[in-house]
Amino acid sequence: MSPTKTGQPDRRQEPMATMPPVSVEELDDMLSRLRLTAIRDQLDNLLEEAARKELNLREALTWLCAAEIARKDQRRIAMAMSIAKFPFVRTLEGFEYEAQPSLDPGQIRELATCRWVANGDTLLLLGPPGVGKTHLAVALGREAVSKGYTVQYVSAMELISTLARAHNQTALEARLSQYGKSKLLIIDELGYLPLEPDAAHLFFQLISRRYERGSVLITSNRPVMEWGEVFGDQVVATAILDRLLHHSHVLTVRGDSYRLREKRRSGLIKNSSAVSTIPATGEGGGP
């Protein structure tokens, strides 16, 4: 091998070493060690598809990497959905916008981008029972998971009961840390049932912990000016709302209850006004 002007061997003229044959088992072992399990499990099919498409080496490598990334994304999302503990599967595609004309589908599509989650904003979904608030909350939570954000779902009653129990067991800090970790915390059905006596103070500590650090999505059947009654403490409720509404999006859903619509259609119950008594609020606005 002739030296270059720098005195180093000219590797460009060095013939390529002959690659020794590799068994299927050895290749599987290498792919396993590299944790390329999607490529390992689908290698024959992927190579056949690459040959059928007449891909060159670079294109075939890209094809293999895309399959691996897709598998890892699928597993990541499945794990994150499990951790989120959604009570059921709901999607934005499955929401009946025509039944809730008060909602702007464009606004929901904007929320589905999860920019509000990235910014650590609050989202309040207000309205009477049965109008789809929980459906929207779960669907938006799933959108956040699909975009790589960590999410926790919990009912308001379960949340307050858990915090109260932790407080009595001198383990409140650990519970607050647990609910403070995720990028988005969904608190469902606030105001439906009476809360624990110290609920306002416990809830305030949680909201303060997450303030400008992580997003909160809350559904409630009560307008925000009634949250003093919900918590039984107007002063603390005001402090909670001061933090929640600082960077917020507030949607009020007016419409017929999904659960009662079929009964009304069948004549089992009489029609009632579909207009909620909850006052209108705009995105980014307060009560």
Review point. What ring pair (Phe, Tyr, Trp, His ring centres under 6.0 Å) pairs are there with at least one residue in residues 33-91, not counting sequence neighbours?
Key: none
Going by atom type alone, with no hydrogens or angles, which donor-acceptor pairs under 3.5 Å involve a side-chain atom of residues 37-45 and a protein atom two or more places apart or on another chain?
unit_1 : atom_1 : unit_2 : atom_2 : d
Arg40  : NH1    : Ser32  : OG     : 2.9
Asp41  : OD2    : Arg71  : NH1    : 3.4
Gln42  : NE2    : Ala38  : O      : 3.4

Practice item. Mark yes when over 12 heavy atoms from residues, nucleotides or ligands other than Arg213 sit less than 6.0 Å from its CZ; otherwise mark no. Key: no
Check your understanding: If you look at every heavy atom in Val145 and Ala80, which pair is closest and at what distance?
Key -> CG1-CB, 3.5 Å
Practice item. Kindly state each residue pair satisfying salt bridge (Lys or Arg N to Asp or Glu O under 4.0 Å) with at least one member in residues 144-158, sequence neighbours excluded. Key: Glu143-Lys147
**Study point:** Any residue meeting side chain to side chain contact (heavy atoms under 4.5 Å, CB included) with Asp29, in chain and number order, not counting sequence neighbours
**Key:** Arg33
Check your understanding: Taking only residues at least two apart or on different chains, which pairs with a member in residues 52-62 satisfy salt bridge (Lys or Arg N to Asp or Glu O under 4.0 Å)?
Key -> Glu49-Arg52, Glu49-Lys53
Check your understanding: Do you know which two heavy atoms are closest between Arg254 and Gln100, and how far apart they sit?
Key -> O-OE1, 3.2 Å
Point to revise | Any side-chain heavy-atom pair of Tyr149 and Leu184 under 4.5 Å | key: no
Check your understanding: Under a 4.0 Å N-O cut-off, is there an ion pair linking Glu68 with Arg35?
Key -> no
Check your understanding: When rounded to the nearest 0.5 angstrom, what is the spacing between CZ in Arg210 and CG in Leu176?
Key -> 11.0 Å
Check your understanding: Between Leu172 and Leu163, which heavy-atom pair has the shortest distance, and what is it?
Key -> CD1-O, 3.7 Å
Check your understanding: Considering residues, nucleotides and ligands other than Lys72, do more than 12 of their heavy atoms fall under 6.0 Å from its NZ?
Key -> yes
**Study point:** Cluster overlap Leu47 with Met30, hydrophobic side-chain contacts below 4.5 Å
**Key:** yes
Exercise for review: Output every pair passing ring pair (Phe, Tyr, Trp, His ring centres under 6.0 Å) with a member in residues 199-221, not counting sequence neighbours, ordered by first then second residue.
Suggested key: Phe203-Phe231, Tyr211-His246
**Study point:** By side chain to side chain contact (heavy atoms under 4.5 Å, CB included) - contacts of Ser177 (at least two apart)
**Key:** Glu173, Arg209
**Study point:** Whether Ser248 side chain and Leu245 backbone form a donor-acceptor pair below 3.5 Å
**Key:** yes
Practice item. Kindly state each residue pair satisfying salt bridge (Lys or Arg N to Asp or Glu O under 4.0 Å) with at least one member in residues 225-235, sequence neighbours excluded. Key: Arg222-Glu226, Arg222-Glu229
Review point. So, do Leu159 and Leu190 sit near enough that their side-chain heavy atoms are less than 4.5 Å apart?
Key: no
Point to revise | Under the side chain to side chain donor-acceptor pair (under 3.5 Å) test, residues paired with Arg90 that sit two or more places apart | key: none
Would you give me the side-chain donor-acceptor pairs under 3.5 Å for residues 131-141, sequence neighbours excluded?
unit_1 : atom_1 : unit_2 : atom_2 : d
Lys133 : NZ     : Gly127 : O      : 3.0
Lys133 : NZ     : Pro128 : O      : 2.8
Lys133 : NZ     : Tyr192 : OH     : 3.0
Thr134 : OG1    : Asp188 : OD1    : 3.0
Thr134 : OG1    : Asp188 : OD2    : 2.8
His135 : NE2    : Thr91  : O      : 2.8

**Study point:** Straight-line distance of Ser155 OG to Lys85 NZ, nearest 0.5 Å
**Key:** 12.0 Å
Check your understanding: At their closest point, which heavy atom of Leu92 faces which heavy atom of Ala112, and how far apart are they?
Key -> CD1-CB, 3.5 Å
Check your understanding: Hey, mind stepping through Leu251 and Leu124 against side chain to side chain contact (heavy atoms under 4.5 Å, CB included) and telling me if it holds?
Key -> CA-CA 6 Å; Leu251 273 66; Leu124 301 182; over 6 Å; no
Review point. For the atom pair NZ (Lys183) and SG (Cys114), what is the distance rounded to the nearest 0.5 Å?
Key: 11.0 Å
Check your understanding: Which pairs, with at least one residue in residues 117-130 and sequence neighbours excluded, count as a side-chain hydrogen bond (donor to acceptor under 3.5 Å, both in side chains)?
Key -> Asp121-His249
Practice item. Run the numbers on Ile186 and Val151 for side chain to side chain contact (heavy atoms under 4.5 Å, CB included), then give the verdict. Key: CA-CA 8 Å; Ile186 299 174; Val151 178; 4.0 Å; yes
Check your understanding: Does the side chain to side chain contact (heavy atoms under 4.5 Å, CB included) test come out yes or no for Trp116 and Leu217, once each step is laid out?
Key -> CA-CA 10 Å; Trp116 62 281; Leu217 188 163; 3.9 Å; yes
Exercise for review: Mind checking the CE-CD spacing from Met157 to Glu189? Nearest 0.5 Å is all I need.
Suggested key: 10.5 Å
Practice item. Could you grab the distance from atom CG of Leu36 to atom SG of Cys65, nearest 0.5 Å is fine? Key: 7.5 Å
Practice item. Flag the pair Leu126 / Val253 as yes when at least one side-chain heavy-atom distance between them is below 4.5 Å, and no otherwise. Key: no
Check your understanding: Given the rule in the side chain to side chain contact (heavy atoms under 4.5 Å, CB included) test, do Ile108 and Tyr97 qualify, once you have shown the distances and angles that lead to the verdict?
Key -> CA-CA 10 Å; Ile108 301 301; Tyr97 293 98; 3.3 Å; yes
Review point. Given the rule in the side-chain hydrogen bond (donor to acceptor under 3.5 Å, both in side chains) test, do Glu26 and Ser23 qualify, once you have shown the distances and angles that lead to the verdict?
Key: CA-CA 5 Å; Glu26 289 175 310; Ser23 68; 3.3 Å; yes
Review point. Is the number of heavy atoms from other residues, nucleotides or ligands within 6.0 Å of NE2 (His167) greater than 12?
Key: no
Check your understanding: Among the clusters formed by ILVMFWY side chains lying less than 4.5 Å apart, do Leu193 and Ile218 turn up in the same one?
Key -> yes
Review point. What heavy-atom pair brings Ser161 and Glu196 nearest, and what distance separates the two atoms?
Key: OG-OE2, 3.8 Å
Point to revise | Linked hydrophobic residues, Met79 as query - side chain contacts closer than 4.5 Å | key: Ile83
Exercise for review: Calculate, to the nearest 0.5 Å, the distance between atoms CD1 and CD belonging to Ile69 and Gln74 respectively.
Suggested key: 14.0 Å
Check your understanding: Where do Gln178 and Gln152 come nearest, in terms of heavy atoms and distance?
Key -> O-NE2, 2.9 Å
Check your understanding: Are the side chains of Thr238 and Trp227 in touch, meaning some heavy atoms are under 4.5 Å apart?
Key -> no
Practice item. Could you state whether Val235 and Met225 fall into the same hydrophobic cluster, counting links through intermediate Ile, Leu, Val, Met, Phe, Trp or Tyr residues with side-chain heavy atoms under 4.5 angstrom apart? Key: no
